[in-house]
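Lettering follows sequence order; numbering is per chain, from 1.
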Number of protein chains: 2
Amino acid sequence: MAEDGARDGAGLPLVEAIREAIIRGDFVPNQRLVEADLSTQFAASRASVRSALLELTNEGLVERIQHRGARVRAVSLAEAIEISEVRMVLEGLCAAKAAECVTGEEVLEFQSLGASMRKAVADGDLLGYSSLNQQLHRRVREIGGQQTASRVLERLRGQNVRHQFRLAMQPGRPSVSLPEHLAIIDGICAHDPEAAERAARAHLRSVIVALQEVDRTGPPPRGA
Amino acid sequence: MAEDGARDGAGLPLVEAIREAIIRGDFVPNQRLVEADLSTQFAASRASVRSALLELTNEGLVERIQHRGARVRAVSLAEAIEISEVRMVLEGLCAAKAAECVTGEEVLEFQSLGASMRKAVADGDLLGYSSLNQQLHRRVREIGGQQTASRVLERLRGQNVRHQFRLAMQPGRPSVSLPEHLAIIDGICAHDPEAAERAARAHLRSVIVALQEVDRTGPPPRGA
DNA sequence: CACACCGATATTGTCAACAATATTGTGCAG
DNA sequence: CTGCACAATATTGTTGACAATATCGGTGTG
């Protein structure tokens, strides 16, 4: 509460403002999202808020029950694993397609990206590595050219960004994921769709295992 | 036009009514969906129509442009192929998971379903086969228990139901798809996730080839 | 003391009217 | 005859108020 929603003004289209607020963590899971409150906080009409909540519901970020309002959806560990399984096969698909149609220039770009990731891990730059990580996944999607898969992946990303964040902060995690990422890059640069898909799937499988691990060690940062 | 939208009354929640109308083909691709018209046709307020269109937009069934209204989204062949590629990996995932956790009772159900499909093809019952087809895919999703994948698949289904329909009506198509379906069933019943996934992917790959074929022979039934 | 009933409150869902915007048709100049 | 400015129209986007519904607190009774 107490946020006066200064940042939106008329710049971003409200739905993005709320989405960012949820992803950033301004709204915690299970927090109620009352239409009237949001309309004042974001200086928008209730109808706009309503339509934004509709959109975010379909994106899986908020949950609505008839006559009972909207709340920030709390994705359980089981759901996070499901999402990662879907990501596994979809990113595998994108990696395979990227390996097929990658250009020479893009190969160089990927290799440079790989080098940067290596360096970030060596330097212990967690934040930089996380950013490069996202960049890699995004580029694979873009180059794969599978817009349908990209849209789905983009939506899923928002849903377990919280779990993803916990993973990235896990000590020792980068040294595990780095070789997996490099394998994806290698497969794509070698124009080997099957290798790229295998590598992408292996990476996500590893993410799933890590999710289960991190849950066993330290339960949720903020209990529901 | 000229439909007075008799069927909805107060039974189904409007959004489903419009969705069914689009899927059924009452509204053809690229047809404009004017809010005022729909509100009279379906005897609902414009606000309700508006929110329904919002929802359907997020489902990918309609397309909206700022201040220019909504139209039924026409999915191109390229998009249909993309969708089928996504289906390929997701149904592969579901089939694999189904193979892992299928019960003895469900094995019998699948085998019975396979027998029915065989019979329908032998009898030349296109409609019955199409129905069994959908039932098979649905059961695989349900038993796989991957709700995230299921939701995505369900949404994608609505988008290329038109292309799917054209395929089903293609002469000779059932004899091609039947063994593919049976292979999926066999893989699941054998509790062999890899075989089930391979079979599911092979099936969808065949669907993609068939989509390209049917486009080459007979372009769209109703040009955009 | 526990439990069902009932009214008060908060919140969503719906509606009708108004403003903003894009499209279309018309008239005029070149 | 063609191209452009401009008004008329059609349609969406927004606002505010109203009705429907669920939740919460109190009250009475077994």
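In this structure, the NE2 atom of A:His67 is 5 Å from the C1' atom of D:dT21, given to the nearest Å. Taking atom CD of B:Glu35 as the reference point, atom P of C:dA17 lies 17 Å away to the nearest angstrom. C:dT12 atom P lies 8 Å from atom CZ of A:Arg64, rounded to whole Å. Computed from coordinates, the A:Arg32 CZ to C:dT11 C1' distance equals 7 Å when rounded to whole Å. In this structure, B:Arg71 places its CZ atom 12 Å from P of D:dT11, rounding to the nearest Å.
A donor-acceptor contact under 3.5 angstrom links the side chains of A:Glu85 and B:Gln146, judged on distance only. Between A:Glu79 and A:Ser76, the side chains place a donor N or O and an acceptor N or O closer than 3.5 Å (distance only, hydrogens not considered).
For the pair A:Gln66 and D:dA22, the criterion of a side-chain N or O lying under 4.0 Å from OP1 or OP2 is not met. Contact annotation: B:Arg68 side-chain N/O to D:dT12 OP1/OP2 distance is not under 4.0 Å.
In this structure the side chain of B:Arg157 reaches within 4.5 angstrom of the side chain of B:Gln134, judged on heavy atoms. Taking 4.5 Å as the limit, every side-chain heavy atom of B:Lys97 sits out of range of all side-chain heavy atoms of B:Pro193. Contact annotation: the side chain of B:Val72 never approaches that of B:Leu61 to less than 4.5 Å [non-hydrogen atoms, C-beta and beyond].
Using a 4.0 Å cut-off on heavy atoms, the residues of residues 50-61 of chain B that approach DNA chain D are B:Arg50, listed by number.
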With the criterion being N/O to N/O and under 3.5 Å, what pairs connect the protein with nucleotides 15-18 of chain D, and how long is each?
residue: D:dT15; atom: OP2; partner: A:Ser45; partner atom: N; Å: 3.4
residue: D:dT15; atom: OP2; partner: A:Ser45; partner atom: OG; Å: 2.7

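Between A:His203 and A:His137, the ring planes are tilted. Angles from 30° to 60° get that label.
In this structure, B:Arg138 does not pair ionically with B:Glu154, as no charged nitrogen and carboxylate oxygen lie closer than 4.0 Å.
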Verdict with reasoning, B:Thr103 to B:Glu106, per side chain to side chain donor-acceptor pair (under 3.5 Å): CA-CA 5 Å; B:Thr103 70; B:Glu106 289 158 352; 3.3 Å; yes

